[in-house]
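Worksheet for the structure shown next.
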Amino acid sequence: MCFFYSRKYVFCTPKTEINPYPILMKKLITLLAFLLSTIITQAQDPNILWQRTIGGSGSEFLTSIEKTNDGGMIIGGYSDSNISGEKSEDSRGGVDYWIIKLNNVNEIEWQKTYGGDQDDRLNEIKQTPDGGYIAVGTSASGISGDKTEASQGETDYWILKLNTIGDITWQNTIGGDSYERAQGVSLTNDGGYIIGGSSSSGFSGDRTVGLSGFQDGWVVFLDASGNIIHQKAHGANFTVNKFTKTLDGGYILGGTIPTSNGYCYHVIKANEFGTQTFQRSYRGDSFDTLTNVTSTSDGGYIVNGFSDSNAANDKTEDSNGVDDYWILKIHSNGSIEWQNTIGGNNGDACYSVIESAEGGYFITGYSDSDISGDKNEPAYEADYWVIKLNSVGIIVWQNTIGGSFSERIPKAFQANDGSYFIAGQSESDISLDKTENSRGGYDYWIVQHAQTLGIEENPFATAITLYPNPVKNKLQINTQDKTINQVNIYTITGSKVLQLNVDTVSPTVDVSGLASGVYFVQLYSGKNVALKKFVKE
C-alpha cells in the first residue's frame, strides 16, 4: 500500500500478501503519518489565523473576493467540477461561474453554479445596495443552462443580477460579432452599473461605436434593470485587464498596449460620463503586464502588475529575475509619484494592492523565486507572496505562504479587525502552510492573515538601534546578535539610493555621500525585515 504525503512524496510498503508482519507495518504506517503530520503542523505559518480549501473534483479558479455588509464575504470565479467536494451542482458545460457566500464566521451560507453549454468565466462580483450582487464576466455560451440569450459573437459580456441568496433576478448578454471580455463593474449613484473590459468588435450586435485597432477598451452604462443607456470606446490596441470606479465617480481602465519590444502598462481615466481626462503609458524595455489599478485616498492611484524590464524609459530599477512585481503610485493626473520593482531570481507576479487602514499598502501576488533579490524565503513551485509597504513603497514586512505545489493569483481585502483575507487558487495537498487536501485540480484557497507579522517572524525589529542619529559620515546599526544580510537605504520619497549585501552582526554603513535629509534604512536578516528612519546631517 502507499501513503501519500503530497503529490511529490509517496511512501509505499510491501503488498500485504508477502508481508510477514502486517500488524507491525500498520503501526509503522500510523507512526509515519503521525510524524509527517507533526512536521507539517510545525511548519504552518503562525500568522495564518484561519484558512479554508473549497473545490470540486475538477479545477476551480478564483477571480474575485469582497467583504459583505454582514461581516462575511462573497467569493467567485469559475469551475468545471460536477457535484463533488464542496460543489453542490453539476457543470452546465465547459467552465461556469461559481459563486460562494460565506457568513461572518466563515461558513458557507450558499453557493451557486451559473453557466451555459460553453465556457463562462466570472471576473468580478460586488454587493449591491439592496443586499444582492452584480456579477460580470465573459461567456461563449448560447441559450442553454442558465443562459437565456444567444451569443452575439465569439464571446460576450455576461452580467447577472442576483438577490441576497444568489437567485438570478435579471441577466444580460452584451457584445458584438467578435470577442468581448468583461473585467469589472462599478455601481452608479442612480442605481445603475458601468461594465468595463475589452472588445474586438466593430459596429455589430450591441456595439454602436467604432473599433480602434485590433482591440479597444469598451465601457457600457446600464440602468438598474440592466438595459444599455450608452457606451464608450477607449484606446487603440488596448487589452484591458482591470476596470474600477474612482473616488470622483468616474472610472479607470488599466491594461497593456504593444510596444516595439513587447508591451507596457496603459491607463485611461474617464469621468462619470465616459469623457477621458487622461491616458498614459508606463514602460520599461520589455514586457510589462498591468493586472490591477486601485484608487487611493489622496485621489491618486496604485498601478501594479509584473515586469521583466530593466531600468529604461519610466522604469528606474533593473529586473531581479524572470518577472518582478512592478508597483507605481501615480498622481490624479497620471504622473508617477514613486515606484518599486520587487522580486527574486524567478517569476513573481503581483495581482492586488490594498491601501491599509493602518497606513501604507498591502500587496498580494505569487512567487516561485528562491531567497534572492527582495525575497527572504524560498517558494515551493509557486506560493502566495504578500508584502506590506509603507506610504512610499518600501517593504516593511513580507511573507511567503503555500503548500508543496502551486498557489497562484491571490486577491485580498482587509477585514474590520485589521486582518487580511487572501484568496486565490491552490493545487497543494496538506503540506507546509496548507491544512486541507486538494479536492481535485486547483481549488479556491482562502487565508486569513494577521495584520502584522507575529513576534515569531520578526523578533529583532524593535531591538535594532541606530547611532549616531542624526549622522554625518558613519551610521552604526546595532543588531545585538542578529546577522544582517542586506542593507538598503531609501529617500523619504521611496527612491533607493544604496544597497549593500553584507553578512555581519551590527554593520557600519558609510553615508557620507548622501545629501542632507531624512532616510529609511531597510535591514534583512534571513526571513526578517526591519525598517528604521535616520537623519543625514
query: Do side-chain atoms of Asp318 reach the backbone of Ala311 as a donor and acceptor pair under 3.5 angstrom?
result: yes
- prompt: Under the side chain to side chain donor-acceptor pair (under 3.5 Å) criterion, do Gln476 and Thr508 qualify, and how do the steps go?
  reply: CA-CA 5 Å; Gln476 178 65 48; Thr508 300; 2.6 Å; yes
message: With ring pair (Phe, Tyr, Trp, His ring centres under 6.0 Å) as the criterion, how do Tyr251 and Phe243 come out once you've worked through the C-alpha distance, each side chain's angles and the decisive distance to 0.1 Å?
response: CA-CA 7 Å; Tyr251 57 84; Phe243 170 86; 5.3 Å; yes
- request: Show the numbers, then the answer: is there a side-chain contact (heavy atoms from CB on, under 4.5 Å) between Asn106 and Phe421?
  value: CA-CA 11 Å; Asn106 302 329; Phe421 281 89; 4.0 Å; yes
- prompt: So which heavy atom on Ile268 is nearest to which on Gln279, and how close?
  reply: CG1-CB, 3.6 Å
message: Does any part of the side chain of Thr483, heavy atoms only, come nearer than 4.5 Å to the side chain of Thr504, both counted from C-beta?
response: no
message: Ignoring hydrogens, what is the shortest heavy-atom contact between Ser309 and Phe287? Give both atom names and the distance.
response: OG-N, 3.8 Å
- request: Using modelled atom types only, decide if a donor and an acceptor are shared between the side chain of Ser372 and the backbone of Asp370 within a distance under 3.5 Å.
  value: yes
- prompt: For Tyr78 and Tyr97, what are the C-alpha separation, side-chain angles and deciding distance, and is it a ring pair (Phe, Tyr, Trp, His ring centres under 6.0 Å)?
  reply: CA-CA 4 Å; Tyr78 50 94; Tyr97 290 12; 8.7 Å; no
Under 3.5 Å side-chain donor-acceptor pair for Ser198 and Glu180: no
query: Is Asp443 reaching over with its side chain to a backbone N or O of Trp445, donor-acceptor style, under 3.5 angstrom?
result: no
message: Please check: side-chain N/O of Glu355 versus main-chain N/O of Ser297, any donor-acceptor pairing under 3.5 Å?
response: yes
- prompt: Going through the checks in order, is the side-chain contact (heavy atoms from CB on, under 4.5 Å) test met by Thr53 and Arg439?
  reply: CA-CA 8 Å; Thr53 298; Arg439 310 298 192 246; 4.1 Å; yes
- prompt: Roughly how far, to the nearest 0.5 Å, is the CD1 atom of Ile422 from the CG atom of Leu62?
  reply: 12.5 Å
message: For a quick test of reading the model, state the closest non-hydrogen atom pair linking Ile195 to Ala182 and the distance between them.
response: CG2-CB, 4.1 Å
field: Short N-O contact, Arg280 and Asp314, less than 4.0 angstrom
entry: yes
- prompt: Any donor-acceptor pair under 3.5 Å linking the side chain of Ser506 with the backbone of Thr479?
  reply: yes
task: Report yes if some heavy atom in the side chain of Thr435 is under 4.5 Å from a heavy atom in the side chain of Ile430; otherwise report no.
output: no
ring-ring contact (aromatic ring centres under 6.0 Å, His included) partner of His449, chosen from Trp385, Phe413, Trp397, Trp50: Trp397
task: Spell out, as yes or no, whether a donor-acceptor pair under 3.5 Å connects the side chain of Tyr265 to the backbone of Trp326.
output: yes
- request: Would you mind reporting whether Val529 and Asn376 have side-chain heavy atoms less than 4.5 Å apart?
  value: yes
- prompt: For Asp119, which residues count as a side-chain contact (heavy atoms from CB on, under 4.5 Å) partner, sequence neighbours excluded?
  reply: Val95, Arg121
- prompt: With side chains defined as the heavy atoms from C-beta onward, is the minimum distance between Ser199 and Asp216 less than 4.5 Å?
  reply: yes
query: Atom OG in Ser404, atom CD in Glu381: separation rounded to 0.5 Å?
result: 7.5 Å
- prompt: Any ion pair linking Lys269 and Asp248 (charged N to carboxylate O, less than 4.0 Å)?
  reply: yes
- prompt: Is it true that a side-chain atom of Asn416 and a backbone atom of Gly71 form a donor plus acceptor pair closer than 3.5 Å?
  reply: no
- line: Across all chains, not counting sequence neighbours, the salt bridge (Lys or Arg N to Asp or Glu O under 4.0 Å) partners of Lys315 are none
query: Given side chains that start at C-beta, do those of Gln51 and Gln448 come closer than 4.5 Å, heavy atoms only?
result: no
query: Any donor and acceptor pair, going by atom type alone, linking the side chain of Asp503 with main-chain N or O of Asn485 inside 3.5 Å?
result: no
- prompt: Under a 4.5 Å cut-off applied to non-hydrogen side-chain atoms, are Phe306 and Thr291 in contact?
  reply: yes
- prompt: Mind checking what makes side-chain contact (heavy atoms from CB on, under 4.5 Å) contact with Tyr519, not counting sequence neighbours?
  reply: Ile489, Thr491, Val497, Leu514, Ala515, Phe534, Lys536
task: Report yes if the side chains of Ile354 and Thr294 come closer than 4.5 Å at any heavy-atom pair, otherwise no.
output: no
- prompt: Can a donor-acceptor pair be found between the side chains of Ser438 and Glu427 at a distance below 3.5 Å?
  reply: no
message: Looking at Asp285 and Ala312, would you say the former's side chain and the latter's main chain have a donor-acceptor pair under 3.5 Å?
response: no
query: Does the salt bridge (charged side-chain N to carboxylate O under 4.0 Å, His left out) test come out yes or no for Glu124 and Lys242, once each step is laid out?
result: CA-CA 10 Å; Glu124 188 168 52; Lys242 181 62 178 178; 3.4 Å; yes
statement: Which of Ile387, Ile327, Asn390, Thr296 passes side chain to side chain contact (heavy atoms under 4.5 Å, CB included) with Tyr361? Answer is Thr296
- prompt: Can you find a pair of side-chain heavy atoms, one from Tyr282 and one from Asp288, that are under 4.5 Å apart?
  reply: no
message: Checking Asp323 now: which residues fulfil salt bridge (Lys or Arg N to Asp or Glu O under 4.0 Å) with it, not counting sequence neighbours?
response: none
- prompt: Gln451 and Gln414: side-chain contact (heavy atoms from CB on, under 4.5 Å), yes or no, with the steps?
  reply: CA-CA 9 Å; Gln451 184 176 16; Gln414 189 169 23; 3.9 Å; yes
statement: With sequence neighbours left out, the residues meeting salt bridge (Lys or Arg N to Asp or Glu O under 4.0 Å) with Asp510 are Lys474
- request: Please determine which of Asp308, Thr259, Asn310 meets the side-chain hydrogen bond (donor to acceptor under 3.5 Å, both in side chains) test together with Ser286.
  value: Asp308
message: Out of the candidates Ser307, Ser367, Ser369, Ser319, only one should pair with Asp324 under the side-chain hydrogen bond (donor to acceptor under 3.5 Å, both in side chains) rule; please name it.
response: Ser319
message: Determine whether Glu436 and Arg52 satisfy the following criterion, side-chain contact (heavy atoms from CB on, under 4.5 Å), listing intermediate values before the conclusion.
response: CA-CA 7 Å; Glu436 293 182 88; Arg52 181 75 190 270; 3.9 Å; yes
- prompt: Would a distance-only check, ignoring hydrogens and angles, find a side-chain to backbone donor-acceptor pair under 3.5 Å from Thr256 to Tyr263?
  reply: no
message: Any salt bridge linking Asp298 with Lys329? Criterion: basic side-chain nitrogen under 4.0 Å from a carboxylate oxygen.
response: yes
message: Tell me whether the rings of Tyr366 and Tyr351 are parallel (<30°), tilted (30 to 60°) or perpendicular (>60°).
response: parallel
- request: Evaluate the criterion ring pair (Phe, Tyr, Trp, His ring centres under 6.0 Å) for residue pair Trp98 and Tyr444; output intermediate values, then yes/no.
  value: CA-CA 10 Å; Trp98 190 33; Tyr444 295 177; 5.1 Å; yes
query: When you check the gap from the basic side-chain N to the acidic O, do Glu358 and Lys388 get nearer than 4.0 Å?
result: yes
Counterpart residues, side-chain contact (heavy atoms from CB on, under 4.5 Å), relative to Asn340 (two or more places apart): Glu317, Ile342
field: Exercise: do Gln480 and Asn478 side chains pair donor with acceptor under 3.5 Å
entry: no
